[in-house]
Structure formats: C-alpha cells, structure tokens
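Just follow the structure's listing: the first ligand is 1, and inside any ligand the first atom is 1. When a residue number appears, it is its place in the shown sequence, counting from 1. The basis for the numbers below is simple: all heavy atoms, side chains too, and nothing from hydrogens, waters or symmetry mates.
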Amino acid sequence: MLDFNTARQQLLDTHACTLGSANLALAEAANRILAAPLPAQYPSPMFDNSAMDGYAVCDTQGRLKDFTVISRVQAGECAAAPLQHGEAVRIFTGAPLPENTTAVVPQEQTEIENGALHILADIAPGQHMRLRAEEIEVGQELLAQGSKLNAAALGLAASQGYKNVPVYEKLKVIVFSSGNEIIEPGEPAAEGKIYDANRYQLIAWLKTRGAEVMDGGILPDDLSRTETALGYAAKKFDVIITSGGASVGEADYLKQAIENVGTLTTHTLAIKPGKPFAWGSIGNTKVFILPGNPVATFVTAHMLLFPVLNKLMGKYPRYWNLPNFTVKAAFDTRKAIKRREFLRVCVEVDDAGETVAVLLPNQGSAMLSTCARANALCEVPPGETVAAGQHVKVHILPT
Ligand SMILES: Nc1nc2c(c(=O)[nH]1)N[C@H]1C(S)=C(S)[C@@H](COP(=O)(O)OP(=O)(O)OC[C@H]3O[C@@H](n4cnc5c(N)ncnc54)[C@H](O)[C@@H]3O)O[C@H]1N2
Ligand code: MOO
C-alpha cells in the first residue's frame, strides 16, 4: 500500500499548470488566478500625507505648544508651502504634508485662541504622518504569480493603478459518475438504485473554484461505452474526473477503460476511506478516478484531488492543501489500523473555552451526512489510536 503523503507528493510532482493566460479588466478578474507576478508601479503611500484631521506642525526642537496657522490643505490638493519652525497647516486625512512637517496633531487635541493654534497634549515626533513608500517601494512584488485575486488582492492591484491583470485561463474539467445503480436526482426512486451524490459534490467544489465545468453524466457499467466517453472527453478537456468503478469488482471498468485508451497509475492507497483512488492520462488530459463510496470521494477529493487541481489551475503552493493545525481530541479511537484515517469531526470550543475536535457519529464510508456536518477532517496516522486529550492534526474543510 502506498502511504498517503507519498501519494500526494507524487501527484503534485507529476502535475504542472500548462494553462495559457489573458489580460482581464479588474472587475472581471475576481477569484481568478494571477498568471504573472504583479510589481508595484508606485510607492505606497505615493506621497507623505496626514493620517488624521488636524494640524501638521513644524517644531524642530519638539517643545512647542503654540503655532501660527499659515494655510489649509485638503485631500486632493497640492501640498502647502514648506513650514518654518513654529508654523502649522490645517490638514485633513489623506492630504499631502507640507515639507518640514515634524508631526500631525489630531484636532481633538487642539484649540484655536485668537487665531493661534494651541496644543493640549504631548506631541511625539513623526506622529500620525504616513510617509511616502513606507509600505511599498516601486518595483517590489505586490502579488506573487499564482495568487488568488480575492477582494484584498484586487483592491491592492486597483490601488496601484492597474486597469487589467494577467490571469490563467480556466481549467476545463468534465465530471462523470459510473455505475448501473446510479440515477439522476429528480428521477423516481427505484429498487436497487441510488441517487448520484458524487458528481454533485465534485461539481460544487469546481464551480466555486472558477473551473470551467461540464457535467458528463453517468457512465454505465460497460467497458466500450466507458472507453468511448472517456476518449471523446479527452479531446476537449484538461481534466477528467470519475467516481465509482475504481475497485476490484467485476463491473468496475473504469481502470480498464483508461488503460485501454491512455495510461494509468494504480496503487492501493493506505488511506481510509479512499483506498482505490487512482490517476492517469489520456493524451494531454489528466484523469482522476475516485472511489465510489460518497465519503471516500469526499475525503480523496479534499486530500488528494483538490490539491493537484489547485496546482493545475496555477495556484501558489500555499493554496494547494487544506489549512491544518493541531487541537485536543475530545474522543478516543479503539483500534489502530494500517491505513491513515481521516475522521469527520467538528472543531469547536468546549465549555472550558478550549478548542477541541469532536468526533461525529456515523463514520461509515457511505454516510455522507457526517461530511455535511463536519468542519474538519482529523488525521490519524497508520498504526495509531487517539486518546481523549491528545493533540491531533485537523484539516479545515472549505466553508
Ligand atoms: N472485495 C473488495 N471490495 C471492495 C474493496 C476491496 O478492496 N475489495 N474496496 C472497498 C472500498 S474501500 C471502496 S471505497 C469501494 C470503492 O469501490 P468503487 O470505486 O469500485 O465503487 P463502486 O463499487 O462503484 O461503488 C461503491 C459504493 O459507492 C456507491 N456509489 C458509487 N458511485 C456513487 C455516486 N455517484 N453517488 C452515490 N453513491 C455512489 C455505490 O453504489 C456503492 O455502494 O469498494 C469497496 N469494495
Ligand atoms: O475507501 Mo473505502 O471508502 O475505505 O470504504
């Protein structure tokens, strides 16, 4: 059996982003992936400016309490003439500081008496002054290639005057389910048949991650029809994802079909659930075969497939895997197993105010309701058990 970490590393090492790129207007680029590093075009701040509504003062010795106000400057105007010792300018947040400003005093700490400014508080040199380039220098990398253009990233690009940004094209993915027992939600329930759960889980993740997704429908347990469908899909898509038919049953045709029209890397993975996860290719199209049990699909998708899809989409390595940390377990497990197990848990704050992982009931591979309630997967290494109070690793599921 292949260890989970080895399998994930092998998957990541053997897949790379080959997507082209295009320049998109900022408003169109939300949630897309940046295809080249974005350098700073301007310093930030662009000019010395005030962080408060108040007075910019010049006090070369740092002892004065009284100043002569010589002018007034608002945001959007040019800086006032340079200050001399003992002079001040009425100023507003974001307005350029005159040369020789030594501090900005908020208006709440001042009073005007007979036209002269009197300061009511101590002044620290440099207070409330935002200095040119103190945050960002021209040419500095603003955003790394592979950054997700989320709200903050797009705001930052806009703050630097970018109208367009280079983004990767969308990854084109087709998702199939397989098995004669699988029927489409909406069809009448029938004896021996079950509704398709896997395609809907996978498509949901792909859509929210900005892939171009096609619903491939349900493949019957038929080798030649499976081969034809996969061969056709490989001409049009970057990635083919299937679930079911991955194991050793007589009607499990998927692996055979892929071997016949492409290449397949099969392993028995030391992961529970999800042992029959496999991958391969048909021409340049990458193929991922997920086990049919809905929880095995869920776990292998989050722990193996999505990391490699994130990489294929061009994302920066920090985004590949689910974030993880360690917390105290609020549960015990009885029996050690040879496979690395991923239990569905809720990470929550207990009555003592401590963050703990609570094991959810119904951990069977077909029990998808537990996945819908969990907010994390708790990793139990092979051969180990968990005792309450012990620290365990949890992988936080996307919201
Ligand atoms: N003799 C053995 N039997 C099984 C083994 C094994 O090693 N030896 N492995 C078990 C494990 S572990 C898993 S996981 C499953 C995976 O098998 P397959 O990938 O071939 O999946 P199927 O047999 O097609 O289906 C398994 C199970 O999942 C249901 N299913 C399938 N697709 C869907 C779907 N789209 N939506 C909802 N449910 C689905 C299917 O009806 C079966 O109940 O094999 C074990 N067997
Ligand atoms: O991978 Mo299977 O889900 O352990 O049952």
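Residue, atom and distance of the protein heavy atom nearest to atom 36 (N) of ligand 1 are Ala197 N, 2.9 Å. Of the protein's heavy atoms, Ser365 OG, 2.9 Å lies nearest to atom 3 (O) of ligand 2. Ranking protein heavy atoms by distance to atom 2 (C) of ligand 1, first place goes to Val248 CG2, 3.5 Å. Shortest contact from atom 9 (N) of ligand 1 to any protein heavy atom: Ser247 OG, 3.5 Å. The protein heavy-atom contact nearest to atom 34 (C) of ligand 1 is Asn198 ND2, 3.3 Å. Nearest non-hydrogen protein atom to atom 23 (O) of ligand 1 is Asp252 OD1, 3.9 Å. Nearest protein neighbour of atom 15 (C) of ligand 1, counting heavy atoms only, is Asn293 ND2, 3.7 Å. In this structure, the protein non-hydrogen atom closest to atom 38 (N) of ligand 1 is Ile194 CD1, 3.3 Å.
Shown in contact with Gly245 at under 4.0 Å from a heavy atom are these atoms of ligand 1, numbered in order with element: 18 (P), 19 (O), 20 (O), 21 (O), 22 (P), 24 (O). Interface of Ala296 with ligand 2, defined as ligand atoms under 4.0 Å from a residue heavy atom, comprises 1 (O), 3 (O). If you number the atoms of ligand 1 from 1 as listed, the ones under 4.0 Å from a heavy atom of Pro294 come out as 37 (C), 38 (N). Close contacts of ligand 1 with Ser177, meaning ligand atoms under 4.0 Å from a residue heavy atom, involve 35 (N). Near Tyr195, meaning under 4.0 Å from one of its heavy atoms, ligand 1 places the atoms 36 (N), 37 (C).
Here the side chain of Thr102 pairs a donor or acceptor atom with the backbone of Asp59 at under 3.5 angstrom. The closest donor-acceptor contact from the side chain of Asp222 to the backbone of Arg225 lies under 3.5 Å. Of the possible donor and acceptor atoms, none in the side chain of Glu135 sits under 3.5 Å from a partner among the backbone N and O of Pro45. Using a distance-only test at 3.5 Å, with no hydrogens or angles considered, no donor-acceptor pair links the side chain of Gln74 to the main chain of Ala95.
The nearest pair of heavy atoms linking Ala121 to Gln109 is CB-OE1, 3.7 Å.
Under a 4.0 Å N-O distance rule, the pair Asp122/Arg63 does not qualify as a salt bridge.
With values rounded to the nearest 0.5 angstrom, His395 atom NE2 is found 7.5 Å from Leu377 atom CG. Here the NE2-OG1 distance, from His391 to Thr326, works out to 5.0 Å after rounding to the nearest 0.5 Å.
A heavy-atom separation below 4.0 Å is not found between Gly179 and ligand 1. At least one heavy atom of Pro276 sits under 4.0 Å from some atom of ligand 2. Not a single heavy atom of Ala366 sits under 4.0 Å from any atom of ligand 1. Note on ligand 1: Glu181 sits in its first shell, one or more heavy atoms being nearer than 4.0 Å.
In this comparison of Gly292, Pro273, Ala296, the heavy atom closest to atom 30 (N) of ligand 1 sits on Gly292. Around atom 7 (O) of ligand 1, the closest heavy atom drawn from Arg339, Lys275, Lys255 belongs to Lys275.
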| said: Before you tell me yes or no, could you show the steps for Tyr168 and Gln145 under side chain to side chain donor-acceptor pair (under 3.5 Å), namely the whole-Å CA-CA distance, both residues' side-chain angles and the distance that decides it to 0.1 Å? | reply: CA-CA 10 Å; Tyr168 283 116; Gln145 179 175 355; 2.8 Å; yes

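Checking only distances, Pro291 never comes within under 3.5 Å of ligand 1, N or O to N or O. Backbone and side-chain nitrogen or oxygen atoms of Asp196 are examined, and one is located within less than 3.5 angstrom of a nitrogen or oxygen of ligand 1. The shortest N or O to N or O distance between Gly274 and ligand 2 is under 3.5 Å. Polar contact check, Lys275 against ligand 2: a nitrogen or oxygen pair lies under 3.5 Å apart. Residue Ala246 has at least one N or O atom closer than 3.5 Å to an N or O atom of ligand 1.
Taken together through direct or relayed side-chain contacts under 4.5 Å among Ile, Leu, Val, Met, Phe, Trp and Tyr, Leu254 and Trp279 form parts of separate hydrophobic clusters.
Looking only at side-chain heavy atoms (C-beta outward), Leu322 and Met303 come within less than 4.5 Å of each other.
In the model, Thr333 has no side-chain atom that pairs as donor or acceptor with a side-chain atom of Thr385 under 3.5 Å.
Residue Pro273 touches ligand 2 through backbone and side chain together, judged by heavy-atom distances below 4.0 Å. At a heavy-atom cutoff of 4.0 Å, ligand 1 is contacted by no atom of Thr268, backbone or side chain. Here Thr297 has no heavy atoms under 4.0 Å from ligand 1, in either its backbone or its side chain. At a heavy-atom distance under 4.0 Å, no atom of Glu341 approaches ligand 2.
Residue pairs meeting the salt bridge (charged side-chain N to carboxylate O under 4.0 Å, His left out) criterion with at least one partner in residues 327-342, sequence neighbours excluded, are Asp3-Arg340, Lys272-Glu341, Lys328-Glu354, Arg340-Glu379. Screening residues 180-198 for salt bridge (charged side-chain N to carboxylate O under 4.0 Å, His left out), with sequence neighbours left out, gives Glu184-Arg199, Asp196-Arg199.
Classified by interplanar angle (parallel below 30°, tilted 30° to 60°, perpendicular above 60°), the ring pair Phe342/Phe4 is perpendicular. The aromatic rings of Tyr316 and Tyr319 stand perpendicular to each other, their planes meeting at an angle above 60°, with 30° marking the opposite boundary.
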